[in-house]
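Both backbone and side-chain heavy atoms feed into the values below; hydrogens, waters and symmetry mates do not. As the structure lists them, so they are numbered: ligands from 1, and atoms in each ligand from 1.
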Amino acid sequence: MKLKNLINFDEQQQVFHLHNGNISYILGIDEGGVLSHLYFGPRIKNYHGQLKNPRKDRGFSDNLPEAQERTFSLDFVLQEYSSQGDGDFRNPAAIIRQANGSYSARFVYKDYKISFGKPQLDGLPAAYVIKKNEAQTLKIILEDQVNQLELILIYTIYQDYDVIARSVELINKSDKSVHIEKLASMQLDLPAGKKQQVISLPGAHANERQLQREDINAGTKVFESRRGTTSHQMNNFIAICDSQTDEFQGNIIGLSFVYSGNHKEEIEKDQYGATRILVGINNEQFDWEVKSQQTFQTPEVLMTYSAQGMNKMSDNLHRLMRERVARGKYKFAPRPILVNNWEATFMDFDENKLKPIVDEAKKLGIEMFVLDDGWFGHRDDDNTSLGDWKVFARKFPQGLKRFVDYIHANGLKFGLWFEPEMISIDSELYQQHPDYMLKVPGSKPSPSRNQYVLDMGRQEVRDNIYNQMTAILDSCQIDYVKWDMNRHLTDIYSPVLPANCQGEVLHRYVLGLYQMLEKITTEYPDILWEGCSGGGGRFDAGFLYYMPQSWTSDNTDAVARIKIQYGTSIAYPISSMTAHVSASPNQQTGRLTSMKTRGEVAMSGVLGYELDLTKLSSVDKKEVQAQIAFYKKIRSLVQYGKFIRLISPYDNNRCAWMFVSDDKNEAIVFSFKIMSEAQPAFEILKLSGLDADKTYKNLDTGAVIGGDELMNTGFYEPITQADFSSQVYHFKALAG
Ligand code: GLA
């Protein structure tokens, strides 16, 4: 096995250079052992040292204590990692409360290590390697000599993905405890220059990941969640780009945080026009004690660079997340087309009501039936039974197994909903263990959906839920599990931690959750696991490590979904994005849309149905049957092909996106027109990502057209006289 060097250290210049065929990341050791950031961008063959931090005596900028001149200050040097109290007045990456109560820390270069492969992060999800030679890792050891702390900056660059994974480890080598009040997973100091913008994915429940883009101006802009989870309100992804960057051209850096708890992304444009970016665990309500000789490992950030616009940035992340973050049997497997009973029946069901839906599903070609909320305890509404994972006998008098066997006998797989992190007051679990929930002594915890959160940081709490869940999983053949979470965290307090460690509760919750996910997903490898948090409230790269797909949003309205799925695709692969056809008028928006549009939006993701199939008209049934048959043909292209956004619904009354196979022999294009117009413009659609030298056939019309034509001349779209219309174009390359 030939190991190819992806990281070099130039002794003479004291410069580290991480590179693959497309990207370079360069950093150097500067005056006083300061680790300075030099470059992140297109591949540089040989770096000749021209970017050394310029020197200048600037007013009100401190110098290093040992400095001979007044021209070098942490106040303006571009650094790899910053702390507090050392003359850098910008947002610090690290805030450490030292044993003596001071907040001062100064980390200087000590040593480095380069190795092949990529270390896994203890207890945390992270990108991985399959072969050792596909990536190389640089660890830079910084030292705070006064406080006897070591900070290890970890960088892994992949050979075939334009991604650098970064994280940080703090080691306390002193004989006293210190407290971390903030420890970002990465810092990126970008030099002053062109006007830059930041892309983020804010939203709300049922309106997740709305694409937002704005100028970066002086001061600090913060994107964050303090809800205990990733949140619907602000996804833990941001991108920094030039103002001219669009989907197809221009520079862009994407940053995806591999974590499912509180997060913070800070962007600060400083007094001299440089920009500092920090990504990490949110420091609010965070205070972590690192005892003598202990370490703290931060979660990881995936950092990607594209010189070819947003589509390429997304493709970089899609490929890495699909191939080196997601795991398990379903990583590359065709995902089953399911019907979920939630929007069909809500909790008002029993096996007699569900069986006809199963029968109908079979006739339509659906491959799996998912039993959603309401099958356990005595749950007829959302006020009860969370924490009691025992089958509700009134709904399944013959037991769950009989019902599951019925489904399997019909040739369908069976999936089941759980909400493992929650507890209802009206539950046996609460009767037995009232102390299992997050609750501050002496005060009443706040309900949300009339439920409360279990303290997942505690082993005994996890064990209780794990044992209940596995008893169900062992009782019959369960092929899929939907892992839901329907509220955010309040009342942050754990009785098992001392007063000075209550700032650890939120991160311990996430670590506990990860421990349980790791255990249960590896012990049940044949189950397809789907993440969910009231729709897409925990859609992040961390969860993707345990569960290859996630419910994208509780909003199943096709028109709203166009924007949600467009925004989600900026950072996450299509194989992770589940999308269901639901009833019209839609439950969340009241909007009427055709079965065609609903189907074509949903088949742009991992397709499913979520409506009472028995109530469909015979015309709709025929259409659904055809949709399913068609999706089966294009499923691998949609789920694992290259996804390209063509027209943004955020700036237009239309939207288009497409999928191309790796060999460029097949492409499928979906185009949506939102509102009908009396005098519409004649709209041309131009494709992308095809082979200009190949000739393609439109499989529906038989028209033959060159790849160069499809991409350059494009073609006119039909004029439609209806709101919310959609088109599909399916092309295959002609042989030869
Ligand atoms: C959440 C999920 C829904 C459904 C309900 C059940 O809102 O996102 O799909 O499972 O919970 O309570």
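Formation of a donor-acceptor pair under 3.5 Å by the Arg645 side chain with backbone atoms of Trp657 is not found in this model.
Here the closest heavy-atom approach between residue Tyr452 and residue Arg487 is recorded as CA-NH1, 3.7 Å.
Residues forming a side-chain hydrogen bond (donor to acceptor under 3.5 Å, both in side chains) with Thr522 (at least two apart in sequence, or on another chain): none.
Other residues, nucleotides and ligands contribute only 12 or fewer heavy atoms inside 6.0 Å of the CZ atom of Arg402. At most 12 heavy atoms of other shown residues, nucleotides or ligands fall within 6.0 angstrom of atom NZ in Lys633.
Judged by the 6.0 Å and 45° rule, Lys355 forms no cation-pi pair with Phe403.
The residues lining ligand 1, counting any heavy atom closer than 4.0 Å, are Trp342, Asp372, Asp373, Trp417, Arg449, Lys482, Asp484, Asn486, Cys532, Gly534, Gly535, Trp551, Asp554.
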